[in-house]
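What follows is one structure encoded as structure tokens, with my remarks underneath.
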Number of protein chains: 2
Amino acid sequence: MPVRRRTNGNSESVDNYLKAILSLGGPGEHRVTSTALAERLGVAPASITNMLQKLAGAMEPLVEYERHRGVKLSSAGKRRALEVVRHHRLIETFLYKVLDYPIEEVHDEAERLEHFISERFEERIAAKLGHPTIDPHGHFIPTMEGEMPAQASIVLTEVVDGGTFLIDSVDDRDAETLKALEAQGIKAGARLKVKRRTAAEGCLVSVGRSAKALDLSREMAGDIRIVPVGS
Amino acid sequence: MPVRRRTNGNSESVDNYLKAILSLGGPGEHRVTSTALAERLGVAPASITNMLQKLAGAMEPLVEYERHRGVKLSSAGKRRALEVVRHHRLIETFLYKVLDYPIEEVHDEAERLEHFISERFEERIAAKLGHPTIDPHGHFIPTMEGEMPAQASIVLTEVVDGGTFLIDSVDDRDAETLKALEAQGIKAGARLKVKRRTAAEGCLVSVGRSAKALDLSREMAGDIRIVPVGS
DNA sequence: TCGACGATTTAGGTATACCTAATAAGTAGG
DNA sequence: CCTACTTATTAGGTATACCTAAATCGTCGA
């Protein structure tokens, strides 16, 4: 029962820095400022500088860092960050689908466990879930090879919990419904926020900058394809 | 995504000290020496002294410690230790039964995760498993209330993996078999080591101080009740 | 192009959980 | 009952990941 000292470059803390840089860097992976990281991680800017210098100076650097010019992930850093994100999203999916967690509790648990599960655990829950590609929030799960799947669209019914999306397409099985939906702002290109699922398996959404909630039936939701936006 | 600093008195390290004291103290909960702890935990004796002083001096002390006289758990310490053991054994059972882990990999994963799961996770996996009372190694799982179940006997078939037991009783459905078993040392009071399960659902055991393995069929194993010994 | 001001970095400090080496306290033999 | 030896404790030091306060860098407007 020896005390397990996690080795540098693979700690909980480092993981969180990498995830933050990944998510703040956006799809373009542009440089991220110390201040943005400080805010996101809830630590003092000075601590950020310190950690970045260490990460950049490691034998296998996890970030590319230049004084006063922000950071971006190195390829090793990106690999690790995506692995942690994969863990997070697989765990969320697992907690929700296998352990019947209430959706609101899924995030915090995953946030803690993502740092400590083994490759085997990852592999086993992925298998149990049939190697899913999106989590209950509608986010894509990075592959085992450490790649984010191409940003394909997903059906609105696959999203369980709140999040912001862009509407990709609305199937036109019924021109009347289509027109009605469009009248409420539901059309390709519009911004859509998922509030929550309803008992009848439909979901409550809001569109554009409007705060008004629309209650979509299961069939209507099934006709709408969306793309995740932001983290 | 703020960095989570675990507060003193609830850390991974503290958990491991408490578990070690619980297990080294035995059922009599006698005082445990620094040296024994140092060996078990793989840290220097000086580090043990340090930690014990801190644990004993906390606002809610987790151990009772006197210089040069060893430690024992306080009631708060015992509660926490048993909770960690409960986590460990539930996780092992879960990995084995739900995630189909190979039995040899169950321990290490549980050893890491036991410190980080929430009450909810504990509750959900316990429910999923039907609130089990013994783990795949034949050890009792402490209750949610933090009590070790009375040391009842279990059927040999419930044990999946190696471990040492005392034979509690051998059912005498068939006097011939009973006699044959007894001839091999399998009788109430004898010490029995479970080597491993066999493909035919029986198991390989050794009895007493003998190293020779006996291959028991499923029916024979089903007639033997055992009690766990040691940790 | 010169400040001023905000962003960033350096310097110096804290707590945790380890370590080694030196000291002190118990224990057992003569 | 006192020394020798083993066990435990104190003293002083390391690395990690934070902190605050005090420089310094960079850019943007006059």
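Just so we're on the same page: letters track the sequence lines, and every chain starts at 1.
- Applying the 4.0 Å criterion to OP1 and OP2 of C/dA25, one finds that B/Arg69 has every side-chain N and O outside that range.
- Phosphate proximity of C/dC18 to B/Ser47: absent, as no side-chain N or O sits under 4.0 Å from OP1 or OP2.
- Among residue pairs with one or both ends in residues 90-106 of chain B, those qualifying as salt bridge (charged side-chain N to carboxylate O under 4.0 Å, His left out) are A/Arg120-B/Glu105; sequence neighbours excluded.
- Among the nucleotides D/dT9, C/dT20, D/dT20, the one closest to any side-chain atom of A/Ala44 is D/dT20.
- The 5' end of DNA chain D is approached more closely, in terms of each residue's nearest nucleotide, by A/Ala46 than by the other of A/Ala46 and A/His68.
- Checking C/dC19, C/dA17, D/dT10 against every side-chain atom of B/Lys54, the shortest atom distance belongs to C/dA17.
- Distances shorter than 4.0 Å separate some side-chain N or O of B/Ser11 from OP1 or OP2 on C/dA17.
- Taking only side-chain atoms of A/Gln53, from C-beta outward, the nucleotide of C/dT9, C/dT10, C/dC18 with the closest atom is C/dT10.
- A side-chain N or O of B/His88 and one of B/Glu114 form a donor-acceptor pair less than 3.5 Å apart.
- Between A/Tyr17 and D/dT16, a side-chain N or O to OP1/OP2 separation shorter than 4.0 Å is absent.
- Taking side-chain N and O atoms only, B/Arg67 has no distance below 4.0 Å to OP1 or OP2 of C/dA24.
- Taking side-chain N and O atoms only, B/Ser13 has a distance below 4.0 Å to OP1 or OP2 of C/dC18.
- In this model, the phosphate group of D/dT9 is approached by a side-chain N or O of B/Ser34 to a distance below 4.0 Å at OP1 or OP2.
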